[in-house]
Amino acid sequence: MEELLERLLEECLHFTTQGRVADYIPELAKANPDALGIYVIGSEGKHSWAGDCHQPFTIQSVVKPILLLQALLDNGVELVQSRVGVEATGKPFDAINAGDQSLDSGHINPMVNMGAIVMCTLIRGATYEERFQRLLELTRKLAGDESIGVDEAVYRSEKSHGSKNRALAYLLKSYGLLEDDVEEVLDCYFRACSIQVDCRALAHIGAVLSNRGRLPVSNQRIFPSALARYVNAILMTCGMYDGSGEFAMRVGVPAKSGVGGGIMAVVPTRMGIGIYSPALDSKGNSMAGIHLLERLSKELYLSIF
């Protein structure tokens, strides 16, 4: 596996020059656009990696399936579905015009910013600090790393340049889809996006989802298998922003990307994959990362279709 990963990574390195790092959050603009790394954890617990897989970066939108999972664990499927839909919007992740009619829960899904902001309000806790800590603990458990924390510089940058997300949150509030204090909710969301991970952490999260809620190797159950199916289905249809349909054809596995350059991919019953390459395409997905996943999928017949 290591030789395969090294070869595919070498073949895809040149794609890093065709993307651009996110610069609407100043701290993200400091990332090295040439970086590319991959980490794979198989269902039997074998770890394989190549490239810049140990480079830390912020999780950004890859936290959205974890937000969804925490909301599901705290409230159950029925309540969550009453607050946020499951259909792909076909629009950018931060789109204001999420629907052509009056905004309601069916116009958003948990993998776009509006839906993720709503998910923050569904986490149980007396304060939003407590809610975030519970989310962080779940992230650490899923990633198999108790040392995971927040990149404070990115958090401050997110918060001071978060006008678009504030607009989205106030729009939600105006339609009665958000009841709590907007700044408290957004502080939780900005901190969630600023959690620092690496490719191994994302691969481990993917491996747990691949294993239907059980940790690799120990097989300890973290959450019910029905919730893994729920999350994986939404990742498949909505996880790669408005490029999810093309990704389904090219790669064919549930996945979530983030503007920090990360991709977390789930190959049901087979493996979890973590990729880092911060040079993004026009939809906010890792340019080289998608090419690398596509080639790996073809080599190992990973597509679920």
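Between the Thr121 side chain and the Ile117 main chain, no donor and acceptor come within less than 3.5 Å of each other. One N or O on the side chain of Ser174 and one on the backbone of Leu171 form a donor-acceptor pair closer than 3.5 Å. The backbone N or O of Arg124 lies less than 3.5 Å from a partner atom in the side chain of Asp74, making a donor-acceptor pair. No donor-acceptor pair closer than 3.5 Å links the side chain of Arg212 to the backbone N or O of Ala228. Of the possible polar contacts, none joining the Ser157 side chain to the Val154 backbone as a donor-acceptor pair under 3.5 Å is found. One N or O on the side chain of Ser194 and one on the backbone of Phe190 form a donor-acceptor pair closer than 3.5 Å. Ser210 places a side-chain N or O within donor-acceptor distance of the main-chain N or O of Thr269, the cut-off being under 3.5 Å.
In this structure, CE on Met240 lies 7.5 Å from NZ on Lys256, to the nearest 0.5 angstrom. Once rounded to the nearest 0.5 Å, the distance linking NZ of Lys159 with CG of Asn165 reads 13.0 Å. The line from CG of Leu177 to CZ of Arg83 is 7.0 Å long, rounded to the nearest 0.5 Å. Taking CG of Leu72 as the start and CZ of Phe223 as the end, the distance is 10.0 Å to the nearest 0.5 Å. Residue Ser277 holds its OG atom at 11.0 Å from CG of Leu293, rounded to the nearest 0.5 Å. Within the model, atoms CG of Asp198 and NE2 of His54 stand 7.5 Å from one another, a figure rounded to the nearest 0.5 Å.
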Apply side-chain contact (heavy atoms from CB on, under 4.5 Å) to residues Val251 and Leu302 and explain how you reach the verdict.
CA-CA 8 Å; Val251 182; Leu302 301 182; over 6 Å; no

Go through it in stages, so that I can follow the logic: the residues are Leu142 and Leu69, the test is side-chain contact (heavy atoms from CB on, under 4.5 Å), and I'd like the CA-CA distance, side-chain angles, deciding distance and then a yes or no.
CA-CA 11 Å; Leu142 293 171; Leu69 180 58; 4.0 Å; yes

With salt bridge (charged side-chain N to carboxylate O under 4.0 Å, His left out) as the criterion, how do Arg166 and Glu183 come out once you've worked through the C-alpha distance, each side chain's angles and the decisive distance to 0.1 Å?
CA-CA 8 Å; Arg166 285 187 176 85; Glu183 289 302 324; 3.0 Å; yes

Criterion side chain to side chain donor-acceptor pair (under 3.5 Å) on Gln133 and Glu137, from CA distance to verdict
CA-CA 6 Å; Gln133 286 301 320; Glu137 287 304 316; over 6 Å; no

Give the intermediate values and the outcome of side-chain contact (heavy atoms from CB on, under 4.5 Å) for residues Cys199 and Leu202.
CA-CA 5 Å; Cys199 290; Leu202 296 191; 5.8 Å; no

Using salt bridge (charged side-chain N to carboxylate O under 4.0 Å, His left out), reason through Glu11 and Arg7 one step at a time and then give a plain yes or no.
CA-CA 6 Å; Glu11 292 175 3; Arg7 174 172 64 81; 3.1 Å; yes

Apply side-chain contact (heavy atoms from CB on, under 4.5 Å) to residues Glu27 and Thr58 and explain how you reach the verdict.
CA-CA 10 Å; Glu27 280 297 315; Thr58 50; over 6 Å; no

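Between Leu209 and Asn232, the shortest heavy-atom distance links the atoms O-ND2, 3.3 Å. Minimum heavy-atom separation, Asp145 to Arg200: CB-NH2, 3.6 Å. Closest non-hydrogen pair, Gly239 versus Ser244, comes out as N-OG, 3.5 Å. Contact record, Pro278 with Gly260: CB-O, 3.8 Å, taken as the closest heavy-atom pair. Scanning both residues, Pro216 and Ala207, for their nearest heavy atoms gives CG-CB, 4.2 Å. For the pair Leu67 and Cys120, the tightest heavy-atom approach, listed with the atom from each and the gap, is CD2-SG, 3.9 Å.
Within 6.0 Å of CZ on Arg221 lie more than 12 heavy atoms contributed by other residues, nucleotides or ligands. Atom CZ of Phe305 is surrounded by more than 12 heavy atoms from other residues, nucleotides or ligands within 6.0 Å. In Glu2, the CD atom is crowded: over 12 heavy atoms of neighbouring residues, nucleotides or ligands sit closer than 6.0 Å. Other residues, nucleotides and ligands contribute over 12 non-hydrogen atoms within 6.0 Å of the CD atom of Glu44. Sparse packing is recorded around CD of Glu246, with 12 or fewer heavy atoms of other residues, nucleotides or ligands lying under 6.0 Å away. Shown here is Glu179, whose CD atom has no more than 12 heavy atoms of other residues, nucleotides or ligands within 6.0 Å. Within 6.0 Å of NZ in Lys298 there are 12 or fewer heavy atoms belonging to other residues, nucleotides or ligands.
Looking at heavy atoms from C-beta onward, Met119 lies in side-chain contact with Val80 at the 4.5 angstrom threshold. Two residues are said to be in side-chain contact when any heavy atoms from C-beta on lie closer than 4.5 Å; Asp187 and Tyr155 meet this criterion. Considering only heavy atoms from C-beta on, Tyr276 stays 4.5 Å or farther from Val197 through its side chain. Within the 4.5 Å cutoff, the side chain of Leu300 has heavy atoms near those of the Met271 side chain. Between Leu5 and Leu296, the closest side-chain pair of non-hydrogen atoms falls below 4.5 Å. Counting heavy atoms from C-beta outward, Glu158 and Gln60 have side chains that approach closer than 4.5 Å. In this structure, Thr237 and Glu87 have side chains that are not in contact, with every pair of non-hydrogen atoms separated by 4.5 Å or more.
Between the side chains of Asn285 and Ser257, at least one donor N or O lies within less than 3.5 Å of an accepting N or O. Side-chain atoms of Tyr128 and Asp181 form no donor-acceptor pair, as typed in the model, at a separation below 3.5 Å.
Listed by chain and number, the residues in a side-chain hydrogen bond (donor to acceptor under 3.5 Å, both in side chains) with Lys173 amount to none (sequence neighbours excluded). Applying the ring pair (Phe, Tyr, Trp, His ring centres under 6.0 Å) criterion to Phe15, with sequence neighbours excluded, gives His291.
Criterion: ILVMFWY side-chain heavy atoms under 4.5 Å apart, direct or through other members. Under it, Leu235 and Ile108 are part of a common hydrophobic cluster. In the hydrophobic clustering of this structure, Leu215 does not group with Val217; members are Ile, Leu, Val, Met, Phe, Trp, Tyr whose side-chain heavy atoms approach within less than 4.5 Å, directly or through other members. A continuous path of Ile, Leu, Val, Met, Phe, Trp and Tyr side chains, each step under 4.5 Å between heavy atoms, connects Met1 with Ile273, placing both in one hydrophobic cluster. Under the 4.5 Å side-chain heavy-atom criterion for Ile, Leu, Val, Met, Phe, Trp and Tyr, Ile263 and Ile66 are members of distinct hydrophobic clusters. If you chain together hydrophobic residues whose side chains sit under 4.5 Å apart, Tyr230 and Leu135 fall into the same group.
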Donor-acceptor contacts under 3.5 Å from residues 32-40 side chains, at least two apart:
| residue | atom | partner | partner atom | Å |
| --- | --- | --- | --- | --- |
| Asn32 | OD1 | Asp34 | N | 3.0 |
| Tyr39 | OH | His47 | ND1 | 2.8 |

